[in-house]
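First the structure, then my questions, so here it is.
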Amino acid sequence: MQKDNLVFDLIKKELERQRNGIELIASENFTSLQVMQAMGTVPTNKYAEGYPGKRYYGGCEVVDEIENLAIDRLKKIFNCSWTNVQPHSGASANAAVFLAVMKPGEKFMGLDLSMGGHLTHGSPANFSGKTYHAIHYGVTKEGIVDYDQLEARARAEKPKMIICGASAYSRDWNYERIRAVADEVGAIVFADIAHPAGLIAKGLLNDPFEHCHIVSSTTHKTLRGPRGGIIMLRNDFENPWGIKDPKGNLRMMSSLLDLAVFPGSQGGPLEHVIAAKAVAFGEILSNEFALYGKQILANAQVMAKAFVNRGYNLISGGTDNHLMLIDLRNKGITGKKAQETLDRAHITVNRNSVPFDDKSPFVTSGMRLGVPAVTTRGMKEEHMEMVAAMIDKVILNVHDDKTVADVRVKVKEMMQQFPLYPELG
Ligand SMILES: *Cc1c(COP(=O)(O)O)cnc(C)c1O
């Protein structure tokens, strides 16, 4: 077979794009070479529907070992008694949680998408909003989760499940307060830690497992693993609503969740990706990863201050985690324009609605910036100052092509100090 140059040349082009740019998309990261290498391996050839020791296919003895290793390492990271490492993505993990806990039409509550929530937390465009009855809580004028509103709505609506977690929220969560109202109304608490999981893994943010019944995450954001999802329970429990499986048996939550992943919503697991998850989980267990998490926090603090000092309006005034959300209205530029112009300078961000935004989700008034990816590249506090200065320069000169081009040259120069996958040539 001839090498498919058409595809491999594009992959090389994407590598160069990643090398030469400043990556500030809060949900992105760069895996280690080992994680990537594990993904491009032979378990991709294997069908393994089911779970270790209980597969529907022969020849699963080795992938069983791979999957068990991923499970054991993940349990250790979050001090859990049960995990499922098969979800293909964060959205798939969440779909399985819904399937395990909720019947179609039942009510649940999540943070409004326009206030920082995720599509899978009840957007009308998503299965979660189409299949179930979604109600929402929001944030206050200051940009902090409106716990008073959350409590009042939970008491009035009595949802079966309350989701905490977000995609564009820079503050930590008061899981304890959410659990207290959930206990009052008989709701299950589901924490979706897709964004801050890597920080939680190292004890750098509040521990959702202390107060939430079910926790899901992606593996490719701050966890710095391959693209994928996971579901975890610190303590297994009997399902409190007497939900029965198709055979009429009452089941523990772990069992309901396993059934909801397979056969409920997925077929064969991606064992090559699970191998890469195992590698990433091994890295997370190292002390080096704790240093990485601390550097993320330090970098985010410096970047947030650098923007505040330049007159930018940060939602909630700052950040507790790896990201910040900036309202650009006082700078006279939309999120869309900022994203497009920064793209021309090879600084990658995403436009984002801000709470109480008057512009459409396609245009938006804000941008979201995160530091996990640049921190992986080796950037430190002093570089955050420089990056904020470059972004400011572009935003103040959106109509000046020469300035934008000058910044692009500076970006490329700067990123050459932080080699990305040098082994790949
Ligand atoms: C990113 C994200 C997801 C979805 O992850 P995908 O892998 O893109 O499906 C789910 N929930 C939250 C809060 C997220 O930020």
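Note that ligands are numbered from 1 as they come in the structure, with each ligand's atoms numbered from 1 the same way.
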(message) Please list, in number order, the atoms of ligand 1 under 4.0 Å from a heavy atom of Ala91.
(response)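 Those atoms are 4 (C), 5 (O), 6 (P), 9 (O).
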(request) Examine Gly228 against ligand 1 and note whether any of their N/O atoms are separated by less than 3.5 Å. (result)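 N/O-N/O distance below 3.5 Å does not exist for this pair.
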(request) Answer yes or no: is there an ion pair linking Arg19 with Glu16, defined by an N-O contact shorter than 4.0 Å? (result)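 Salt bridge flag = yes for Glu16 with Arg19.
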(message) Please list, in number order, the atoms of ligand 1 under 4.0 Å from a heavy atom of His195.
(response)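 The list of qualifying atoms is 15 (O).
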(request) Kindly confirm or rule out an N or O of Ala194 lying under 3.5 angstrom from an N or O of ligand 1. (result)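 Between Ala194 and ligand 1 (N or O atoms, distance only) the closest approach is not under 3.5 Å.
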(request) Take Lys221 and Glu28 through the test salt bridge (Lys or Arg N to Asp or Glu O under 4.0 Å) and record every step on the way to the result. (result) CA-CA 5 Å; Lys221 295 178 185 175; Glu28 294 194 9; over 6 Å; no
(request) Using the six-membered ring of Phe289, assess whether NZ or CZ of Lys202 lies under 6.0 Å from its centre and within 45 degrees of the ring axis. (result)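 That pair does not qualify as a cation-pi contact.
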(message) Looking at Glu67 and Arg55, is any side-chain nitrogen of the basic one under 4.0 Å from a carboxylate oxygen of the acidic one?
(response)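 A salt bridge links Arg55 with Glu67.
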(request) Show which atoms of ligand 1 fall inside a sub-4.0 Å distance from at least one heavy-atom site of Gly90. (result)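 By the 4.0 Å cutoff, the relevant atoms are 4 (C), 5 (O), 6 (P), 7 (O), 9 (O).
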(request) Examine Thr218 against ligand 1 and note whether any of their N/O atoms are separated by less than 3.5 Å. (result)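 By distance alone, the answer is no.
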(request) Ignoring angles and geometry beyond distance, decide whether Thr120 reaches within less than 3.5 Å of ligand 1 through its nitrogen or oxygen atoms. (result)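 No, no N or O pair falls under 3.5 Å.
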(message) Check Lys107 with Glu157, please: is the shortest side-chain N to carboxylate O separation under 4.0 Å?
(response)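 Yes, this pair counts.
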(message) Taking 4.0 angstrom as the limit and counting only heavy atoms of Ser89, give me the atoms of ligand 1 inside it, by number and element.
(response)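 Once the distances to Ser89 are compared, the set is 7 (O), 9 (O).
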(message) With ring-ring contact (aromatic ring centres under 6.0 Å, His included) as the rule and sequence neighbours excluded, what pairs involving residues 360-383 come up?
(response)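 As it turns out, the ring-ring contact (aromatic ring centres under 6.0 Å, His included) pairs with a partner in residues 360-383, which skip direct neighbours, are His383-Phe418.
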Under 3.5 Å, side-chain donor or acceptor atoms of residues 123-133 against the rest of the protein: list the pairs with distances, not counting sequence neighbours.
residue	atom	partner	partner atom	Å
Ser123	OG	Ala125	N	3.1
Asn126	OD1	Ser128	N	2.9
Asn126	OD1	Ser128	OG	2.7
Ser128	OG	Leu119	O	3.2
Ser128	OG	Thr120	O	3.3
Ser128	OG	Gly122	N	3.0
Thr131	OG1	Phe127	O	2.8

(request) For His220, counting its heavy atoms only, list the atoms of ligand 1 lying under 4.0 Å from any of them. (result)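 Those atoms are 7 (O).
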(message) Does this structure show an ion pair linking Glu106 with Lys160, if we count only N-O contacts that are shorter than 4.0 Å?
(response)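 Yes, Glu106 and Lys160 are salt-bridged.
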(request) Starting from atom 3 (C) of ligand 1, locate the nearest protein heavy atom and write down its residue, its atom name and how far away it is, to 0.1 Å. (result)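 For atom 3 (C) of ligand 1, the nearest protein heavy atom is His118 NE2, 3.2 Å.
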(request) Tell me, please, whether Phe78 has Arg234 positioned over its six-membered ring: NZ or CZ under 6.0 Å from the ring centre and within 45 degrees of its axis? (result)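 Negative - Arg234 is either too far from the ring of Phe78 or too far off its axis.
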(request) For Arg227 and ligand 1, answer yes if some heavy atom of the residue is under 4.0 Å from a ligand atom, otherwise no. (result)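 Judged by the 4.0 Å heavy-atom criterion, Arg227 does not count as contacting ligand 1.
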(message) Heavy atom to atom 12 (C) of ligand 1, shortest distance: which of Asp192, Leu111, Ile163, Leu119 holds it?
(response)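 When every heavy atom of Asp192, Leu111, Ile163, Leu119 is considered, Asp192 comes closest to atom 12 (C) of ligand 1.
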(request) Consider ligand 1: state whether an atom of it lies below 4.0 angstrom from any non-hydrogen atom of Ala166. (result)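 Checking ligand 1 against Ala166, which is what was asked, there is a heavy-atom contact under 4.0 Å.
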(request) Report, in ascending order of atom number, the atoms of ligand 1 lying under 4.0 Å from any heavy atom of Asn94. (result)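 It comes down to these atoms of ligand 1: 10 (C), 11 (N).
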(request) Report the member of Ser167, Ser27, Gly165, Gly117 with the shortest heavy-atom distance to atom 15 (O) of ligand 1. (result)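 Looking at heavy atoms only, the winner is Ser167.
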(request) Report the C-alpha distance between Thr376 and Asn29 in whole Å, list the side-chain angles of each, state the deciding distance to 0.1 Å, and finish with yes or no for side chain to side chain donor-acceptor pair (under 3.5 Å). (result) CA-CA 7 Å; Thr376 296; Asn29 213 329; 2.7 Å; yes
(request) Say whether Lys221, considering both its backbone and side-chain N or O atoms, lies within less than 3.5 Å of an N or O atom on ligand 1. (result)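 Yes, there is a polar N/O contact under 3.5 Å.
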